[in-house]
Amino acid sequence: MEREFINPRGIYKHPAFTRIVTVKGPMKMIFIAGQTPSDENYKPVAPGDYRGQYISVMQSLDAQLKAAGATWDDVVYRRIFVLDVDKYLKIQSDPTLPKWGNPDRPPPSTMVGVTRLSNPAFLIEIDLTAIAAA
């Protein structure tokens, strides 16, 4: 399976995501539903704490990728929903925040500010699309 990460000339090269990823060859597509910062009983984790909720969400996504036979290098699209864009961006600029995936090849990504998620205590929700070798 061949992957190509493309940032076309003339379009701002964003440091947090790649504009285009193409995939060619035998593959398995993986769609991971929006992951919230919740425990096994769907109770909110780290209420009011963007950093804690982000880490919870990413750890859950990591487990789901592994369960599907994939890694962060297989992620080809990420969608992030947050209640407060500025607070989310602030934690993302913290150099001590754990990193997932290759920072030189981040997937295309969309971030959307929303007024509410499925539980009022949830601050962040992230869904993923990944493509792994068949």
With distance as the sole test, does [X] use its side chain to make a donor-acceptor pair with the main-chain N or O of [Y] at under 3.5 Å?
{"X": "D74", "Y": "T71", "answer": "yes"}
{"X": "S60", "Y": "S56", "answer": "yes"}
{"X": "K87", "Y": "V82", "answer": "no"}
{"X": "Q35", "Y": "L61", "answer": "no"}
{"X": "N41", "Y": "K43", "answer": "no"}
{"X": "R19", "Y": "Y12", "answer": "yes"}
{"X": "R78", "Y": "P106", "answer": "no"}
{"X": "Q64", "Y": "A33", "answer": "no"}

Partner set under ring-ring contact (aromatic ring centres under 6.0 Å, His included) for F81, not counting sequence neighbours: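 By the ring-ring contact (aromatic ring centres under 6.0 Å, His included) rule, F81 matches no residue at all.
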For residues [X] and [Y], determine if any side-chain heavy atom of one lies less than 4.5 Å from a side-chain heavy atom of the other.
{"X": "I20", "Y": "P8", "value": "yes"}
{"X": "M111", "Y": "L89", "value": "yes"}
{"X": "D84", "Y": "L123", "value": "no"}
{"X": "I126", "Y": "M58", "value": "yes"}
{"X": "P37", "Y": "V57", "value": "yes"}
{"X": "V21", "Y": "Y77", "value": "no"}

Rounded at 0.5 Å granularity, tell me how far [atom1] in [X] sits from [atom2] in [Y].
{"X": "Y88", "Y": "I80", "atom1": "OH", "atom2": "CD1", "answer": "3.5 Å"}
{"X": "I6", "Y": "I11", "atom1": "CD1", "atom2": "CD1", "answer": "11.0 Å"}
{"X": "D73", "Y": "L65", "atom1": "CG", "atom2": "CG", "answer": "10.0 Å"}
{"X": "I30", "Y": "T129", "atom1": "CD1", "atom2": "OG1", "answer": "10.0 Å"}
{"X": "Q92", "Y": "K99", "atom1": "CD", "atom2": "NZ", "answer": "6.0 Å"}

Considering non-hydrogen atoms only, spot the tightest contact between [X] and [Y] and give its length.
{"X": "I91", "Y": "L97", "value": "O-CD2, 3.5 Å"}
{"X": "T36", "Y": "S118", "value": "CG2-OG, 4.2 Å"}
{"X": "I32", "Y": "D127", "value": "O-CB, 3.2 Å"}
{"X": "R3", "Y": "V23", "value": "CG-CG2, 4.2 Å"}
{"X": "N7", "Y": "K13", "value": "ND2-CE, 3.6 Å"}
{"X": "P98", "Y": "R51", "value": "CD-NH2, 4.1 Å"}

message: Quick check: is M29 connected to F5 through a chain of hydrophobic side chains (ILVMFWY, heavy atoms under 4.5 Å apart)?
response: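 Yes.
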- request: Examine V85 and L117 and state if one hydrophobic cluster contains both, with Ile, Leu, Val, Met, Phe, Trp and Tyr joined whenever side-chain heavy atoms are less than 4.5 Å apart.
  value: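 Yes, same cluster.
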query: With ILVMFWY side chains joined below 4.5 Å, transitively, what does V45's cluster contain besides itself?
result: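 Traced through the cluster, V45 reaches no other member.
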field: Plane angle bin for F17 and H14 - parallel if under 30°, tilted between 30 and 60°, otherwise perpendicular
entry: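 If you compare the ring of H14 with that of F17, the planes turn out parallel.
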message: Suppose the criterion is ring pair (Phe, Tyr, Trp, His ring centres under 6.0 Å): which pairs have a residue in residues 30-53, not counting sequence neighbours?
response: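 Ring pair (Phe, Tyr, Trp, His ring centres under 6.0 Å) check on residues 30-53 returns Y42-F122.
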message: Assess whether a salt bridge exists between D86 and K90, defined as any Lys/Arg side-chain N lying under 4.0 Å from an Asp/Glu carboxylate O.
response: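 Here D86 does not pair with K90 in a salt bridge, since their nearest N and O are not under 4.0 Å apart.
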